[in-house]
6 protein chains.
Amino acid sequence: MSGTFFQPVDAAEVPRFAGHSTFMRLPAVQTAAGLDVALVGIPWDGGTTNRAGARHGPREVRNQSSLMRRVHHVSGTEPFSIANVADVGDLSVNPIDLIDGLARIEAGMDEIVAAGAIPLSVGGDHLTTLPVLRAVARHRPVGLIHFDAHSDTNDRYFGDNSYTHGTPFRRAIEEGLLDPKRIVQIGIRGSIYDPGEHDWAKQQGVRIIYMEEFVSRGAEDVMGEARRIAGDLPTYVTFDIDSIDPSMAPGTGTPEAGGFTPARPNR
Amino acid sequence: MSGTFFQPVDAAEVPRFAGHSTFMRLPAVQTAAGLDVALVGIPWDGGTTNRAGARHGPREVRNQSSLMRRVHHVSGTEPFSIANVADVGDLSVNPIDLIDGLARIEAGMDEIVAAGAIPLSVGGDHLTTLPVLRAVARHRPVGLIHFDAHSDTNDRYFGDNSYTHGTPFRRAIEEGLLDPKRIVQIGIRGSIYDPGEHDWAKQQGVRIIYMEEFVSRGAEDVMGEARRIAGDLPTYVTFDIDSIDPSMAPGTGTPEAGGFTPARPNR
Amino acid sequence: MSGTFFQPVDAAEVPRFAGHSTFMRLPAVQTAAGLDVALVGIPWDGGTTNRAGARHGPREVRNQSSLMRRVHHVSGTEPFSIANVADVGDLSVNPIDLIDGLARIEAGMDEIVAAGAIPLSVGGDHLTTLPVLRAVARHRPVGLIHFDAHSDTNDRYFGDNSYTHGTPFRRAIEEGLLDPKRIVQIGIRGSIYDPGEHDWAKQQGVRIIYMEEFVSRGAEDVMGEARRIAGDLPTYVTFDIDSIDPSMAPGTGTPEAGGFTPARPNR
Amino acid sequence: MSGTFFQPVDAAEVPRFAGHSTFMRLPAVQTAAGLDVALVGIPWDGGTTNRAGARHGPREVRNQSSLMRRVHHVSGTEPFSIANVADVGDLSVNPIDLIDGLARIEAGMDEIVAAGAIPLSVGGDHLTTLPVLRAVARHRPVGLIHFDAHSDTNDRYFGDNSYTHGTPFRRAIEEGLLDPKRIVQIGIRGSIYDPGEHDWAKQQGVRIIYMEEFVSRGAEDVMGEARRIAGDLPTYVTFDIDSIDPSMAPGTGTPEAGGFTPARPNR
Amino acid sequence: MSGTFFQPVDAAEVPRFAGHSTFMRLPAVQTAAGLDVALVGIPWDGGTTNRAGARHGPREVRNQSSLMRRVHHVSGTEPFSIANVADVGDLSVNPIDLIDGLARIEAGMDEIVAAGAIPLSVGGDHLTTLPVLRAVARHRPVGLIHFDAHSDTNDRYFGDNSYTHGTPFRRAIEEGLLDPKRIVQIGIRGSIYDPGEHDWAKQQGVRIIYMEEFVSRGAEDVMGEARRIAGDLPTYVTFDIDSIDPSMAPGTGTPEAGGFTPARPNR
Amino acid sequence: MSGTFFQPVDAAEVPRFAGHSTFMRLPAVQTAAGLDVALVGIPWDGGTTNRAGARHGPREVRNQSSLMRRVHHVSGTEPFSIANVADVGDLSVNPIDLIDGLARIEAGMDEIVAAGAIPLSVGGDHLTTLPVLRAVARHRPVGLIHFDAHSDTNDRYFGDNSYTHGTPFRRAIEEGLLDPKRIVQIGIRGSIYDPGEHDWAKQQGVRIIYMEEFVSRGAEDVMGEARRIAGDLPTYVTFDIDSIDPSMAPGTGTPEAGGFTPARPNR
């Protein structure tokens, strides 16, 4: 049936700079109904405490994703023949009201989940993950494979604010959306403000693999452990752009030196 | 009947950075049928002899047009209540074959004209205007009000090439698409390579209003003359981004100092 | 007594790029006590509905103000000999909690007012003006001379949000902080979403001088009227960076073409 | 006789920013006669299907090559004492006529070859390599060591266009300019549009070493194989800037993540 | 005899981005002998007290001058038929030794003067003008028409340094290179450090036309006065890039708001 | 006693973009007295022979250091509890007089040393290190661990200039400020002008570890040797930003490909 799945526009027919820009050059559709995977933007950075701008993420990721093509050059995998994928647009957001912003994102994600599609969302800051998890993990906690420079399990900011881009996974654990024993955080690095800053997460059972450990053990070994931790149950995967080295993603709001760089040979 | 016309998205409901970007935040539609005005992109700069990049024009103009709103603040004019307007996407182009590129643009514009809509296109370099005129002026020559730093009525480049961004209006006059006596070019400036470079155009009856004359006489006087020259018959209006001062539009391919700047008081 | 006033660092002794950057190269002081004018930063853009970034304003304005000197070259005025001026730092802000953010700014400004200094603040988005007015106009409404591309007297955004960068002067009038009959807004321009968008303000008595009128009448005439409207009573002056043409201040969050440009001769 | 060879300007005598910029700060000469190696620019990107701009390559490479010096710091090799090298300027190009563009480049390169110099050319997009090969391999096919993100052995674009930056090596094999069994492509990566996209090249005998294989085997092993494939017969070496990681060469027209990065230690 | 004068490369034959970049696309020559006007670069900013970078001026001005053409579009003037003009390269400079730098520039300019050519130099910061004047005004003082944001007639910096970009015209008057009664400075603006900062210059007879006066009187009136002041005797003309508004030339080292902008109509 | 040491501002209380920017968000203090470590800026690039701009280094490093926090995330080290650290501002400099510039830096550094603090300075070009060493090594030579792309042990520039950013360590050895047998230079790379360019340094006993050797041996092995070379006696550590790969620090004045990049795993 893959013949009936949506396929990206071919750059040998329509140049990459032509046409309305959508995620991966797939069609823009009105609803997630009928999709296996719904590509969706969440243009919201209301939880950002340093440089804002992630609100522009979905538009720019759509633009850059014009560079993608259909088939993996080595494995031959053709994702768009395995699953029906399309761009369902951006969720409703509120740039000046944090609580309403969270509610709108949750409501929008509820619709996608109700339509039976798996959401693949592009933020926005990392606080967007909390309302997404509220929608996708409503009925049972999920596991988490988390690539990031920061653990994002802090508690309070600016006195008594509990919702920032530094707190989503603490809130999600507290709300029972994540099973902390099935959480692995990879690439965490950068200085911290308090020696015990990661203690709470570790006490819940979260496995933090600092960049130092990742570098020492290597990707294959670490990813094997990550898969064992997540197991076979439903697992959410999240990728913070600041996990990448700032030389490769300089626009991120809280850059940390020493991030992921491309694979290269040993000699 | 204006109630049934398409209206732009309201930035007090959906932030400007959210949603698929379209011209003036109007809906993206599949066809020009039913439209009074079809907003259309022509992402092609195959006629460019200096810095390329106008091919990216439609996408970036869509992005920036997110800043537009519905009503003129002084006149109260509401264009989207007078005409049904939408974004019909980009025309098919060919970035590496000039002749095929011209044919594709003409064919695409033919469809819009056949659907009964008035096209408002965003390029692309100025050579795109030639195939547009071939479609809109197929049955009778039209007049032209033309804002530009250059006359674009040259003849040949690089030996014997007749189609570049410097020749479209010469070709259009030769092909009978434009009535040269109803052409006015405003803001022409910048040095030329040959003392007689503008003679051919002037001999056809084209009225060239150099920037020096525009500055001396003023916008009201010049525009009055332009309207008299164009008269009441169908007239094409074209605006080259390099008519604007390069400090305001630095990305243009052939910048010329001394372009249009915002109105300001005499004292 | 001017000899005892703070003076800026002299660039012929300490280069502009050297030393901690402060507003106008004046000393950084801990308190507004003893100052006639307190230069203060408000690094907060929590009311911004489009592109954020004004939160970085105070730091960058400090950097750029290194270019200022002590004396006006034509009038000979020496502001730092007329008043004792210094940089009191930035007010406390909260980037992720709008209501707490407003409260912190008001509290910080209260201290400056209580110390007897006149605040000259650098934002930040225009919503910062509301808590500033709450502090400086606590006991009686003040007049307003307001340079801007937008009237900033809208009512509600995103459903029911009453505090954004588009609403501060409506809220301030409602709260009795501004005397609407002593408000003049100059340079307002750009399209609007609703034909009646400025009606509420005009009905309160606000005088809106659109850019078109400013260009037609000239700066001298318009500023004469502005002074008559403000009169001799206490008047707040506010200047939105987007009043300037976007070619001169491209980083603003909601740019509008056709802003203020430098004076130039008629011929 | 090396004393008579051209030597680059010394930055301890003439600063790098001073003087007309030439390749490697060598003299600009009128002809390749008497040179062992002719440095030559080909400012042409007529075959580019995505972002243009490679036409500006020769000018910018000349500017940046001001940073080069005369001797390798470890090996002590002094290239300019081994061969007589100079900058012969740019070849004649035609930015708006693809076929004429190819002919001009071939003609220009013919002159260099006829003068007995080995050309080292700076593009320009990769289609420039086809007319270069027509000149240098006129009498017998050559081998190819090719560093790139893309194989550039596609067949047709935009319907029936056979000449683009994605087709030069297919055309060169078809024209008998390259011996496909002596071609090795290194660093190929990035997704493809068709699972069989590389089949034609492989069937001709081209050896494609994907980036994954390069990373796994290492530079020494891969380069050993490359030398064995090329053998002792005349071999052309070509280096596409997009073989480098986009973080290091962001201006390339079709960037692909995961490119070459600097050598670094294993621990 | 104009047929024998050097002519710029024609962009309809060789694209602007092609070929070695020279001033105005004229030939690079080894000597000023035989030239009427010698275009020459002075890549030196050793007198700069704020942001450096003018040392890169000649290279970038050469690049941008690729946009120039041969004939004025209104007057029909053809400068390259009136005078023999070419690019003689850059003068020798010393970026780390101010006194040696001044000596090298003077020596280089001496050669051009000795060859009988009129130099038209591109800096470099404004201190480069002092050694130029030492060469061109060696035998008798000249007049000066000077467009600038600053008077550049200061005396001492950083204690006792007499040579900076803020002092060249004071030194030149003191050295008898300029006749102060034949000096006019136009567009001077921006704040000053001392109320008497311009007194010395005025006492010598220098006529300072502040930007305020220029705006009030207009270009025609001011330039008439400038011509009367300079008279019929040899006069040097110098143009500081910071005389232009910073929105149009943002890279200047000491930007001042309110500079020259393009002419525009009164209505 | 650590409770009495200065601590950086906490970004969970004061956002990173708020407040006067200081090194590591530590307090700005008037004197080094009472400090263990004095953070100090040296905004001077008077020895730079290529692109200037390092004079702006201290201001920009202060801005970027807002991203730092208090504790190392793996080791748990808390530097600000081990030593009392603060920002003592910038040293006095002279941007247009090299010899006076060196003298001012030495005098400023003398004060810090006399106060008993260890200076940690941010330049500025590498010539700033010479006057720093004159202050810190006045009474006995020190060792040197030096990360750089260049050895900076050249002798003369532009004829007879002995002080540039390429000579500080030669001068320091000659002046007896450094013990050449306790100097190790790591990461040196990039082409050289003379085969013997590094001979003088090696003859003095300086150990140069080229980037090629660093890559081959690895960081652990090389740093072990570096520590052995420096030994237990007082040792100065200096880090040139161009030791980092230019893709990560593109603003450096003399970039060299192939610099240090972040650690990454072997597989």
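The model shown is predicted, which means the values in this text are computed figures rather than measured ones. Below, chains carry the letters A, B, ... as their sequence lines are ordered, and counting in each starts from 1. Keep in mind that the numbers below use all heavy atoms, side chains included, and drop hydrogens, waters and symmetry copies.
- For the options His198(E), Arg51(E), Arg189(E), heavy-atom pairs under 4.5 Å to chain C are most numerous at Arg189(E).
- In terms of non-hydrogen atom pairs under 4.5 Å with chain C, the most contact-rich of Gly190(E), Gly258(E), Gly166(E) is Gly190(E).
- Contacts between Tyr210(E) and chain C at a heavy-atom distance below 4.5 Å involve the side chain alone, from C-beta outward.
- A 4.5 Å side-chain heavy-atom check between Pro265(C) and Arg217(E) finds every atom pair outside the cut-off.
- Counting heavy-atom neighbours within 6.0 Å of Gln203(E) CD, excluding the residue itself, gives a total above 12.
- The closest donor-acceptor contact from the side chain of Arg264(C) to the backbone of Pro262(E) lies under 3.5 Å.
- Counting non-hydrogen atoms of neighbouring residues, nucleotides and ligands closer than 6.0 angstrom, the CD1 atom of Ile118(C) reaches no more than 12 such neighbours.
- Chain E forms more heavy-atom pairs under 4.5 Å with one residue of Val14(C), Thr77(C), Asp10(C), Leu67(C) than with any other, namely Asp10(C).
- With a threshold of 4.5 angstrom between heavy atoms, Ala11(C) approaches chain E through its backbone and through its side chain.
- Of the two parts of Ile188(E), only the backbone, made up of N, CA, C and O, holds a non-hydrogen atom closer than 4.5 Å to a non-hydrogen atom of chain C.
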Could you please spell out the steps behind the side-chain contact (heavy atoms from CB on, under 4.5 Å) verdict for Asp245(E) and Thr261(C)?
CA-CA 10 Å; Asp245(E) 192 73; Thr261(C) 55; over 6 Å; no
Thr254(E) vs Arg16(C), side-chain contact (heavy atoms from CB on, under 4.5 Å): CA-CA, chis, key distance, verdict
CA-CA 10 Å; Thr254(E) 314; Arg16(C) 289 178 168 88; 4.2 Å; yes
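- Tyr193(E) places none of its side-chain heavy atoms less than 4.5 Å from the side chain of Val71(C).
- A donor-acceptor pair is defined here as one N or O able to donate and one able to accept, closer than 3.5 Å; such a pair exists between the side chain of Ser191(E) and the backbone of Arg69(C).
- Atom CD in Glu13(C) sits 12.0 Å away from atom OH in Tyr157(E) (nearest 0.5 Å).
- Between Glu197(E) and His73(C), the side chains place no donor N or O within less than 3.5 Å of an acceptor N or O (distance only, hydrogens not considered).
- Atoms NE2 and CD1, from His72(C) and Ile192(E) in turn, are 9.0 Å apart once rounded to the nearest 0.5 Å.
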